[in-house]
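This report refers to the structure that appears directly beneath it.
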Amino acid sequence: MSSQFSSIPSVDKVLRHAIFNGISHKTLVKKAIRQVLDRIRQEILQLNTTNFSIDVIAQMSFELYCEQQKSSLIPLVNATGILVHTNLGRSPISSVLLQEIMPALSAYNNLEYNLHEGKRGERYCLIKKVMLDLFLAEDVLVVNNNAAALFLVLHTFAQGKEVIISRGELVEIGGSFRIPEIMKSSGAILKEVGTTNKTYYDDYVKAINAHTAILLKVHCSNYKIEGFTHNVAFKDIIKIAREHHLLDFYDIGSGLLNRCFVSNKKLYSELGHIFDEPVVKEVMELQPSLVCFSGDKLLGSVQAGIILGKKHFIDLLKKNHLLRMLRIDKITLAYLEATFRAYLNEQWDKIPLLSLLRKPLEILFQQAENMLKGLPHPFSGTITQSAAYVGGGALPHKVIPSFALKITHPKMSADDIKILLRERKIIARVAQESLLLDMRTLLQGDDVQILDVLREIA
Ligand SMILES: *Cc1c(COP(=O)(O)O)cnc(C)c1O
């Protein structure tokens, strides 16, 4: 065995192989070679034999090096029908909007510089103009995500004070976002009122005392209580808050900005369900103290927590030292501004999530039909009606109509096909032992890619 070990070439010897000639910086190449040589040593120990020539070792090291050079964040095809898929990066980003913001991002810029006055400026001002054109709000602040937005508001206004919330709204969203826990870590005291299914106007009024700071409403994004229920509209919560000089605050969740992106009546009736979500524009018409929502759910932009409301409250949020830890960077800020401008100009196609939502059923059917025609033998397929979902901790009980291509193979189970597709970067779903490719979440070119992959595994 020892002679086998001594036949292993040194790292430097492998490194001198011509295959590495084109690579100028060799540190990572050496690392790959070391890993390959380690593997060979393991093999000698286990099998007591090896017969790798230096050419083969160099080739293996080169391949490993190339593999390690690839970016770890890779594009996937989302054929699940879940639009805001938290595991798949939530809302997709538009390359058109990225192009628009590129010049400012790849240069020095005025992120915190007031060009008129020649002195320090404030980053949040950059987004203020476009936001105030969109909404009836006095001011805006943007932080890392919606969880951070909620935390910052509670931490600023309710440390050691009571926050009144309906028992039915103590939600957990996406496993780690739990209202009682965020409340606790912010230093606020949770004061739950009402019962799981019913909370009344008077429950809020009776719970108010000298320690009360905020009346909080949280949108139950991921569940719905049915049957005998009652809850208090935000408009009434605002009224109570005003009467008692308290702060009203609504965590809207998803950030559905307006209804205009579905002006077509037929489409509106197809998508009607999603407008059961609170619509930011309509909530802002009530002139609340503060509201917050996510940037990368139905809003269709990047990860962010957007806070809108009265100027003097936002000013106090800006004075909280924690904001320094929660603040967004220029890439987020620029992309958000570009998204909001697209909303203002009603350029829905610049927002990939809205484009997917807006696709008429006939188009989805046509796409499924085209894919069916191109399906390689021996796959066979049928087109079925399907239920797409918003996802991202939203509306599990509400579906968006869609079409899916259901495919079968004489020798493979649906799960087998699903795994083969996944290995080739296509994420599909299996329902009732059939493999479904949902048309609603396919981006441009995805259909061609799926057919190519199916041809490969056929
Ligand atoms: C999703 C959601 C959150 C969390 O938002 P992130 O942007 O993921 O931090 C908070 N509140 C509600 C109501 C939500 O739906």
Side-chain angles (χ1 to χ4, degrees), residues 82-93 127 140-155 158 163 165-186 188 190 192 199 214-225 231-234 237 248-257 273-280 282-284 288 290-309 317 322-323 325-329 332-333 335-336 339 353 389-398:
I82 299 168
L83 285 150
V84 182
H85 199 307
T86 298
N87 302 145
L88 305 185
R90 283 202 179 166
S91 160
I93 281 178
I127 202 150
V140 57
L141 182 63
V142 186
V143 290
N144 246 320
N145 53 33
N146 196 27
L150 186 75
F151 177 85
L152 184 69
V153 172
L154 295 174
H155 186 269
V163 176
I165 179 172
S166 162
R167 240 181 212 122
E169 294 171 8
L170 294 174
V171 291
E172 170 179 308
I173 294 163
S176 54
F177 178 88
R178 311 181 92 197
I179 293 290
E181 262 131 63
I182 290 196
M183 198 87 75
K184 202 165 163 193
S185 47
S186 74
L190 173 73
E192 43 190 303
T199 303
I214 296 179
L215 304 189
L216 171 65
K217 186 170 181 69
V218 176
H219 177 57
C220 297
S221 299
N222 60 356
Y223 87 116
K224 186 178 166 80
I225 299 174
N231 57 46
V232 182
F234 187 49
I237 291 178
D248 56 82
F249 177 34
Y250 192 178
D251 172 5
I252 299 180
S254 208
L256 189 62
L257 287 202
H273 278 324
I274 71 164
F275 295 111
D276 293 353
E277 287 283 294
V279 176
V280 179
E282 291 159 20
V283 174
M284 292 318 294
L290 292 172
V291 305
C292 67
F293 50 92
S294 287
D296 56 355
K297 290 185 181 172
L298 279 176
L299 173 60
S301 191
V302 275
Q303 179 187 305
I306 296 144
I307 306 171
L308 286 173
L317 289 174
L322 284 184
L323 180 59
M325 292 169 231
L326 307 176
R327 80 178 184 191
I328 52 166
D329 87 319
T332 302
L333 198 76
Y335 192 90
L336 268 178
T339 312
L353 194 84
Y389 295 88
V390 168
L395 317 165
H397 53 290
K398 293 288 167 59

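Just so you know, these numbers use all the heavy atoms, side chains as well, and skip hydrogens, waters and symmetry mates. Remember, it's 1-based here, ligands and their atoms both numbered in the order they're listed.
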Per-atom contacts of ligand 1 with Asp251, taking only distances under 4.0 Å to non-hydrogen atoms: 10 (C), 11 (N), 12 (C), 13 (C)
How close do Pro278 and Ile252 get, heavy atom to heavy atom, and via which atoms? CG-CG2, 3.5 Å
Enumerate the atoms of ligand 1 whose separation from the nearest heavy atom of Arg90 is less than 4.0 angstrom. 6 (P), 7 (O), 8 (O)
Heavy-atom nearest option to atom 3 (C) of ligand 1, drawn from Ile252, Asn146, Leu298, Thr86: Asn146
Value for SG (Cys292) from CG (Leu308), rounded to nearest 0.5 Å, stands at 9.5 Å
Ignoring hydrogens and geometry, is there a side-chain-to-backbone donor-acceptor pair from Glu169 to Cys220 under 3.5 Å? no
So, does Lys217 use its side chain to make a donor-acceptor pair with the main chain of Val232 at under 3.5 Å? yes
Counting each atom of ligand 1 from 1 as listed, which ones have a heavy atom of His219 under 4.0 Å away? 13 (C)
Contact atoms of ligand 1, heavy-atom distance to Lys297 under 4.0 Å: 1 (C), 2 (C), 3 (C), 14 (C), 15 (O)
Ala147, any N or O under 3.5 Å of ligand 1 N or O: yes
Any chance you could measure Glu282, atom CD, to Met284, atom CE, to the nearest 0.5 Å? 12.5 Å
Under the rule for salt bridge (charged side-chain N to carboxylate O under 4.0 Å, His left out), what residues qualify as partners of Asp296, not counting sequence neighbours? Arg90
The atoms of ligand 1 lying under 4.0 Å from a heavy atom of Ser294, numbered in the order shown, are 5 (O), 6 (P), 7 (O)
